[in-house]
**Q** 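Attaching a single structure in structure tokens format; questions to follow.
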Amino acid sequence: MNDFDGCSMNARLPQTSNVSWRTSPGLTPYPLAVETMERRAADIRDGKQPELVWLLEHPPLYTAGTSARPADLRDPDSLPVFSTGRGGQFTYHGPGQRIAYVMLDVQRRFGADVRAFVGALERWLIAALSDVGVRGETREGRVGIWIADPGPPPSENKIAALGIRIRRGVSFHGISLNVAPDLSHYAGIVPCGIAEHGVTSLGDLGCQASTKDVDIALRQQFEALFGPTADDVPLAETGALSAAAK
């Protein structure tokens with residue numbers, strides 16, 4: 001993972017074709033999401049499908065990124081734990097948290113500059129949070145979006161996490177933004193390996209924005225930065241995978 005690159009908030013990135021935009025209702029099983037992402041990323045790489053941003057929620061679970069330390073899993077029996085190929089360490093996913101899985105042709109948009117890609121994702125989140133009245137910030141040496149609380153005592157709490165994987169130039173996995181999840185589940189891990197800072201959510205901050213409000217802000221600000229989107233027609237195999245998961 002990489003830090004914010006300091007580019008202009010309003011600078012639009014190079015465009016390709018319209019990015020497909022999908023929102024899934026209910027709770028999507030994590031293995032199904034990973035399998036669907038991998039299929040779509042391969043299709044994007046082969047020119048068979050357009051790029052995709054996929055909004056969803058998961059049932060309560062922990063995921064372990066490629067840098068996860070076993071000691072940071074404080075309560076291994078409390079929730080299911082999934083090892084995953086994304087960057088980063090342990091994080092929590094669950095209801096009330098908006099996940100946006102981002103399958104983009106990073107090679108075409110950014111060349112080999114993964115740092116610029118991560119910086120663009122951070123700018124996207126900061127702009128979306130601003131739309132719902134919350135000031136998000138980045139911090140040197142800490143990936144994700146942070147909320148400064150002047151206190152007393154002063155503190156900083158994480159409201160959005162990033163974890164991506166890039167395979168042959170195409171990204172998958174993405175971002176998670178805490179709208180109103182059960183924050184007590186974070187006690188079972190050291191979130192992203194950072195013990196000295198906490199986590200927060202829009203609800204915890206007193207923000208009344210709903211998940212729908214967040215979805216609108218995410219799409220508007222994504223289009224401002226990355227270019228136009230179009231409603232996605234789900235792939236046939238996604239329906240088959242959903243049936244198999246039941």
Side-chain angles (χ1 to χ4, degrees), residues 9-10 12-13 15 17-30 32-34 36-37 40-41 44 49-61 63 86 91-104 117-118 120-136 144-147 158-164 171-183 185 199-235 238-239 242:
M9 180 72 74
N10 298 317
R12 177 170 283 190
L13 299 167
Q15 295 182 30
S17 59
N18 286 6
V19 176
S20 292
W21 194 273
R22 179 189 301 176
T23 304
S24 291
L27 302 179
T28 302
Y30 189 75
L32 170 63
V34 172
T36 304
M37 280 191 287
R40 185 60 171 244
I44 293 167
Q49 291 287 341
E51 298 168 296
L52 174 67
V53 175
W54 183 17
L55 305 187
L56 52 81
E57 291 179 292
H58 286 307
L61 58 91
T63 64
R86 63 159 174 81
T91 195
Y92 165 74
H93 295 316
Q97 182 188 74
R98 176 48 87 209
I99 303 291
Y101 286 135
V102 181
M103 286 147 273
L104 296 180
F117 174 51
V118 174
L121 295 179
E122 290 180 325
R123 297 201 304 279
W124 172 38
L125 282 166
I126 289 170
L129 285 168
S130 180
D131 279 359
V132 298
V134 172
R135 178 180 174 84
I145 306 302
W146 299 82
I147 304 297
K158 196 170 194 176
I159 195 167
L162 288 82
I164 61 169
S171 67
F172 53 112
H173 298 283
I175 64 97
S176 59
L177 193 160
N178 289 340
V179 180
D182 182 350
L183 295 178
H185 287 305
V199 292
T200 190
S201 67
L202 294 178
D204 194 48
L205 294 170
C207 175
Q208 299 301 309
S210 66
T211 299
K212 183 176 180 180
D213 295 329
V214 169
D215 289 353
I216 292 169
L218 285 170
R219 188 166 189 173
Q220 288 178 341
Q221 292 302 332
F222 183 92
E223 290 182 335
L225 187 60
F226 290 88
T229 64
D231 290 339
D232 183 64
V233 178
L235 299 175
T238 302
S242 298

**Q** Hey, what do you get for CZ (Arg22) to OH (Tyr101), rounding to the nearest 0.5 Å?
**A** 13.0 Å

**Q** Taking the side chain as C-beta and beyond, is there a heavy-atom pair between Val199 and Tyr92 under 4.5 Å?
**A** no

**Q** Where does the angle between the aromatic ring planes of Phe222 and Trp124 fall among parallel (under 30°), tilted (30 to 60°) and perpendicular (over 60°)?
**A** perpendicular

**Q** Any sub-3.5 Å donor-acceptor pair from Arg40's side-chain atoms to Pro50's backbone N or O?
**A** yes

**Q** Between Ser24 and Trp54, what is the shortest heavy-atom contact and its length?
**A** OG-NE1, 2.7 Å

**Q** Going through the distances and angles, do Leu218 and Val53 end up as a side chain to side chain contact (heavy atoms under 4.5 Å, CB included)?
**A** CA-CA 10 Å; Leu218 285 170; Val53 175; over 6 Å; no

**Q** Any non-hydrogen side-chain atom of Leu27 less than 4.5 Å from a side-chain atom of His93?
**A** no

**Q** Would you name the heavy atoms of Ile159 and Ser201 that are closest together and state the gap between them?
**A** CD1-C, 3.9 Å

**Q** Under a 3.5 Å distance rule, please check whether Ser171 uses its side chain to pair with a backbone N or O of Val102 as donor and acceptor.
**A** yes

**Q** Is it the case that the side chain of Asp213 and the backbone of Ser210 share a donor-acceptor pair, with hydrogens and angles ignored and the cut-off at 3.5 Å?
**A** yes

**Q** May I ask you to test the Thr91-Lys158 pair for a side-chain heavy-atom distance under 4.5 Å?
**A** no

**Q** Might you point out which heavy atoms bring Ala120 and Leu225 nearest each other, and give the distance in Å?
**A** O-CD2, 3.3 Å

**Q** For Asn178, run the side chain to side chain contact (heavy atoms under 4.5 Å, CB included) check against Leu183, Leu202, Thr200 and tell me which one passes.
**A** Leu183

**Q** Does any part of the side chain of Thr36, heavy atoms only, come nearer than 4.5 Å to the side chain of Phe172, both counted from C-beta?
**A** no

**Q** With side chains defined as the heavy atoms from C-beta onward, is the minimum distance between His173 and Thr63 less than 4.5 Å?
**A** no

**Q** Does Glu122 reach the main-chain N or O of Leu162 with its side chain, forming a donor-acceptor pair under 3.5 Å?
**A** no

**Q** Answer yes or no: is there a donor N or O on one side and an acceptor on the other, between the side chain of Glu223 and the main chain of Thr229, under 3.5 Å?
**A** yes

**Q** To check you understand the geometry: which heavy-atom pair defines the closest contact between Asp232 and Ser20, and what is its length?
**A** OD1-CB, 3.3 Å

**Q** Have a look at Val179 and tell me which of Arg98, Lys212, Gln97 forms a side chain to side chain contact (heavy atoms under 4.5 Å, CB included) with it.
**A** Arg98

**Q** Give me the atom names and distance for the closest heavy-atom approach of Ile145 to Gly136.
**A** CG2-CA, 3.7 Å

**Q** So Pro60 and Pro95, do their side chains get closer than 4.5 Å, heavy atoms only?
**A** yes

**Q** Mind checking whether Val34 and Met37 have side chains closer than 4.5 Å, heavy atoms only?
**A** yes

**Q** Within the side chain of Glu57, is there an N or O that forms a donor-acceptor pair under 3.5 Å with the backbone of Gly96?
**A** yes

**Q** Roughly how far, to the nearest 0.5 Å, is OG1 of Thr23 from CG of Asp215?
**A** 5.5 Å

**Q** Has His58 got a side-chain atom pairing as donor or acceptor with Gly94's backbone, closer than 3.5 angstrom?
**A** no

**Q** Check whether any side-chain heavy atom of Leu104 sits under 4.5 Å from a side-chain heavy atom of Phe117, and report yes or no.
**A** yes

**Q** Please give me the minimum heavy-atom distance between Gln221 and Ala127, naming the atom from each residue.
**A** OE1-CB, 3.3 Å

